[in-house]
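We name chains A, B, ... by the order of the sequence lines, and we start the count at 1 in each one.
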Amino acid sequence: MDIPKTYDPKQAEERHYANWEAGGCFAPEINRDPNAPVYSIVIPPPNVTGSLHMGHALQHTLMDVLTRFKRMSGYRTLWVPGEDHAGISTQIVVERELKKEGTSRHELGREKFLERVWQWRQESGSRIMQQMRREGASVDWSRQRFTMDERLSRAVAEFFVRCYEENLIYHGEGMINWCPKDQTALSDLEVDKEAQAGKLYYLQYPVKGSARRVTVATTRPETMLGDTAVAVNPSDERYRELVGATLELPLAGREIMVVADEFVDPEFGTGAVKVTPAHDPNDYAMGLRHELPLVKVIDQHARMTADAGAEFEGLDRYEARERVVAKFEELGLLEKVVDYEFSISKCGRCRTVVEPLISLQWFCRQAELARRPLELMRERHEPRFVPENPYEKVYTNWLENLHDWTLSRQLWWGHRIPAWYTEDGRTIVARSVEEARERAGTDKLTQDPDVLDTWFSSALWPISTLGWPDETPDLRTYYPTSVLITARDIIFLWVSRMMMTGVKFTGAKAFDDVFITGTIFDKHGQRMSKSKNNGVDPLEIFDKYGVDATRLVLASIETTDTRWNENQVESYRNFANKIWNAARFCLMNSEGARVGEGFDEERGEWALHDRWIVSRLNRTARVVGEAIEKYQFHLAVQTLYHFFWDDFCDWYIEFSKYTILTGITSEQLSGHTPEFLSEARSRVITVLEQSLRLLHPFMPFITEELWQLLPGVGEHLLHPAYKGAPSTIMLTSYPEGKAELIDERAETDMQTIIEIVSRVRNIRSEMSIKPSQEIEIIFRTTDEHLNEVFGNNSAQIMRLTRAGKMNYATHVSTPVEIPRASARAVLAGGAEVAVPLEGLIDFAQERERLRKEEEKLAKEAERLRGQLANENFVARAPAEKVAELRQRMADIEQRTGALRQSMEAFAE
RNA sequence: GCUCGCUUAGCUCAGUUGGUAGAGCACACGCUUCACACGCGUGGGGUCGCAGGUUCGAGUCCUGCAGCGAGCACCA
């Protein structure tokens, strides 16, 4: 078989995904077991605005690991893919395109514009789908969903109508965040607070009929034109007699009242607050409490209105600010201006400073919807957040402090609000225009021009993708979903709302677990962003190192924030290559071998290294399986890496070479039948095959590529639930880690052999013995079992240490002699390994080597002795712990003794 | 202002019931050993941010402090 020395990820990646997909391997229907347990995940739908970034690759990797693991474990698995229409983001992107073409959405008109957006959605959506295929995501494409699909749109209308009927959704005037650039209302979650250096202006308002003035501090002087009161704290002595007094509002020529309100903090500023109910959320609330009039002085374009006065009308809000301040100065009413840092709200999309405005919009009373999710969390800790801290608390706190959600957006791209208005001013909320007509009793209806917040449809994602509002088999089978994997910044926007709708409409939580991934920063610790242009494109990394290697890095990130480190990908690329070459070796020596064979004899008859690797394999399977269940992906990856590289490659394959390669170097074949050889080869191939299965959820491509090449693979290896399915590693059963195959004795014995080899290699290296130089090894122990283990494996040890000669006692009662001119090492249990170096040895060098070793032992002995001398320790620590330390102490003493003897042998 | 996280080898990070500090990369030395130089072998490197406390015993638990970061609230 001709296999290249270096693994080429590309060619494997190109072939296998297409085969899996064509074979229907991703759909849950591939599972024929009617009693199979169910595992389901809905993908956080990527926005159709662009391409996938590293954060997506991270989430998708974790979801795919879980899905593949569960699928191989016999679960009926469903991972639903899809995309989000991403209302405002997408509209902005398409509008930008139009601008380049010299036109605009207004020129095109609503209908034509929407056509353009759909066209964009086609292109962008298919690009994202291709990228997900590249990632290896084993999603069920037959169930792919888009938030604007007809069916999901029906769910949106149903959601809206039902909530409206229950008075959870209402239409009315309210204080909203308005983006003057995008010309739409925004919810509180769509604006970002940003610290900003600014000024605090102290303005004086004259008290009517008095020489007194009241000073108010403000960061937005231009809003004073809309003031309808000044508020003070009722307990504030300074202003007590002013409450109820009338002030002359400068510039506006209006009279306003001084009111008392607990909201005012006497400690801040002057203790007197100007109240602008039409342009500030807190003032709006205060306005309601005191029945203050609303004076709108800023319009939707952030320009001053006619009500701001002729002098200001039409000015931009910042121009108006300067003009107002100048006027106050002229009038001698500007007390002072101080530097002041405050935070400002910006549009989450375009970064324009938002304007709080009173506006007629649709709102949702979320507090009511949050009641049952809150109970679920308090009573049953559902859903289970990973990591629990801090997200359980973050989620709970948010649910406890909900404000009404501004639902309507003055956009064109999105779900049109299912509300119609009759000519006589009635509002009809209905599932469709037909229903609306029927209910209204007229055809003369005008639909509300606005669309819904994009998160409104997202809130339904787990149920709508599965068929809600219809009672579909999918909804019954796959809901609630098993886990949601997402980033922390959308816990409020999305996670909590899915719980609200899920619980409301089905009575059940949307997911059992919520796994919040860490964030990937650039190598300087900066957040990756388009504007900083410091993002790392996953596709470039895939191209450079392969998808499998990248997935290992991503899986290792787990829940902690990490700086992107390309070295790590390189390291896992090397790991992939290691796997490739290990398999290459196995395949080059696979004559007569078949997967699954070679382990037919009684286990007691197996060679040590066979018992050992089977034990290690099962231990690894157990650790990895448990780690994945607990979302400890890093532990799983580390365990697999070290099992494969250290145990399988460094030791098992090396041990197997002795047998396997004897087929090539014929003189060592004596006494062994050809069957013996092919069985040994089968064992290696079988362990390799099991290892590939263990690795598959993390590294789907290379494992499939190699699995297909193994002799004896086929349908018969598939998990019983996948009878009749295509022959692929992804449908084999995940190794379970059988307790009865974990062999402590074999692991201990093998550890001894490994230590012997390592010690001899250390001697070689420290004594500068040429690699080509053959040496002799002398082994001396009083432990019969150890002596036997050594004897059984002496050929292996010779091979791995390049020894030409071996000497050990046929029976421990007659120990072998160790020549004076030998380099020695003392093992645990006091066994000695020596390498005679007559004529080669540098006594001083060897003394130094032994001295270093003794020093190490002495250091540990000192610590142990101290601990054991501590009466409190002996009395209070668990007995087994104490016994353990005593044992270790005894061992060290024994080794030190032997070491001293060795050193004496060198004393001149 | 409140809440929370992080601080471990030169770098990026593990360290899950408190019980001899780990990995990868980097570094040093030696190897074209018949799977792999994206490799093999050997080795060096850490008072686990600082200061206290609990404990027989603390990287791990508690308190305080410092630096970095996140979220929430307020911001007239």
Side-chain angles (χ1 to χ4, degrees), chain A residues 3 5-7 193 195 200-201 216-220 223 230-231 263-265 268-276 280 282-283 340-344 387 389-391 393-394 397-398 401 488-489 491-492 519 521 523 525 545 549 553 556-558 560-568 570-589 630 632 634-635 637-638 641-642 649-650 653-654 657 661 664-665 757-758 761-766 768-772 799-802 859-860 863-864 867 870-878 881-882 884-885 888:
Chain A
I3 303 168
K5 279 189 176 185
T6 307
Y7 171 55
K193 300 284 177 73
L200 191 59
Y201 303 85
V216 294
T218 180
T219 55
R220 300 196 61 193
T223 64
V230 163
F263 169 79
V264 180
D265 175 6
F268 190 89
T270 62
V273 186
K274 61 188 273 311
V275 184
T276 322
D280 180 277
N282 292 314
D283 292 4
Y340 182 66
E341 184 169 311
F342 59 104
S343 70
I344 200 161
N389 187 325
Y391 300 117
K393 207 167 166 185
V394 165
N397 287 349
W398 191 74
N401 297 292
R488 69 167 92 91
D489 51 352
I491 292 177
F492 304 145
T519 306
F521 299 106
K523 62 181 168 188
Y545 300 101
V553 174
S556 299
I557 286 171
E558 228 172 75
T560 48
D561 295 350
T562 313
R563 296 173 186 211
W564 180 253
N565 182 356
E566 207 165 303
N567 281 341
Q568 219 146 25
E570 194 179 336
S571 150
Y572 284 125
R573 187 272 316 265
N574 294 352
F575 179 52
N577 201 53
K578 186 74 181 177
I579 296 170
W580 180 258
N581 276 289
R584 180 166 175 264
F585 170 80
C586 297
L587 288 166
M588 290 190 319
N589 296 285
K630 289 192 268 184
Q632 295 174 342
H634 179 92
L635 174 63
V637 170
Q638 287 306 302
Y641 182 94
H642 290 292
C649 293
D650 287 353
I653 287 187
E654 290 307 321
K657 278 179 182 172
L661 296 180
I664 300 162
T665 60
V757 171
S758 301
R761 283 171 172 171
N762 171 265
I763 288 170
R764 290 196 79 116
S765 182
E766 297 264 308
S768 311
I769 299 168
K770 282 199 174 67
S772 53
R799 201 191 131 77
L800 297 178
T801 55
R802 295 208 145 206
K859 233 168 139 184
E860 201 187 339
R863 205 174 36 76
L864 286 173
Q867 209 167 345
N870 184 335
E871 285 172 29
N872 279 323
F873 171 72
V874 179
R876 299 192 197 188
K881 201 79 225 168
V882 178
E884 192 186 313
L885 289 200
R888 221 156 65 205

Can you classify the ring geometry of A/Tyr572 versus A/Phe575 as parallel (below 30°), tilted (30 to 60°) or perpendicular (above 60°)?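 Answer is perpendicular, since the angle exceeds 60°.
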I'd like to know if [X] reaches the base of [N] with its side chain, counting only an N/O donor and acceptor under 3.5 Å.
{"X": "A/Ser343", "N": "B/C75", "value": "yes"}
{"X": "A/Arg584", "N": "B/C36", "value": "no"}
{"X": "A/Glu654", "N": "B/A35", "value": "yes"}

I need the NZ-C1' distance between A/Lys657 and B/A35, as an integer number of Å.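 Those two atoms, NZ and C1', are 6 Å apart.
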What is the distance from CD1 of A/Ile579 to P of B/C36, rounded to the nearest Å?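 It is 17 Å, rounded to the nearest whole Å.
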OP1 or OP2 of [N] less than 4.0 angstrom from a side-chain nitrogen or oxygen of [X], does that happen here?
{"X": "A/Asn401", "N": "B/C72", "result": "no"}
{"X": "A/Lys881", "N": "B/G18", "result": "no"}
{"X": "A/Thr560", "N": "B/A14", "result": "yes"}
{"X": "A/Lys5", "N": "B/G39", "result": "no"}

Check: A/Tyr545 main-chain N/O paired with A/Arg573 side-chain donor or acceptor under 3.5 Å: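 Looks like no, no N/O pair under 3.5 Å.
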Check whether A/Thr560 reaches the backbone of A/Glu558 with its side chain - one donor and one acceptor, N or O, closer than 3.5 Å.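 It does not hold such a pair.
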Is it true that A/Asp280 and A/Lys274 make a salt bridge, defined as a side-chain N closer than 4.0 Å to a carboxylate O?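 Here A/Asp280 does not pair with A/Lys274 in a salt bridge, since their nearest N and O are not under 4.0 Å apart.
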Counterpart residues, side-chain hydrogen bond (donor to acceptor under 3.5 Å, both in side chains), relative to A/Arg220 (two or more places apart):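 A/Arg220 satisfies side-chain hydrogen bond (donor to acceptor under 3.5 Å, both in side chains) with A/Glu222, A/Glu355 only.
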In dot-bracket form, how is RNA chain B paired, counting a Watson-Crick or G-U wobble pair only if both its distances are under 3.5 Å and using | for bases paired to another strand? ((((((((.[[[[.)...(..]]]].(((((.......))))).....[[[[[..)....]]]]])))))))....
If I pick the P atom on B/U3 and the same atom on B/G49, what distance separates them, to the nearest angstrom?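 Between the two P atoms, the distance is 24 Å.
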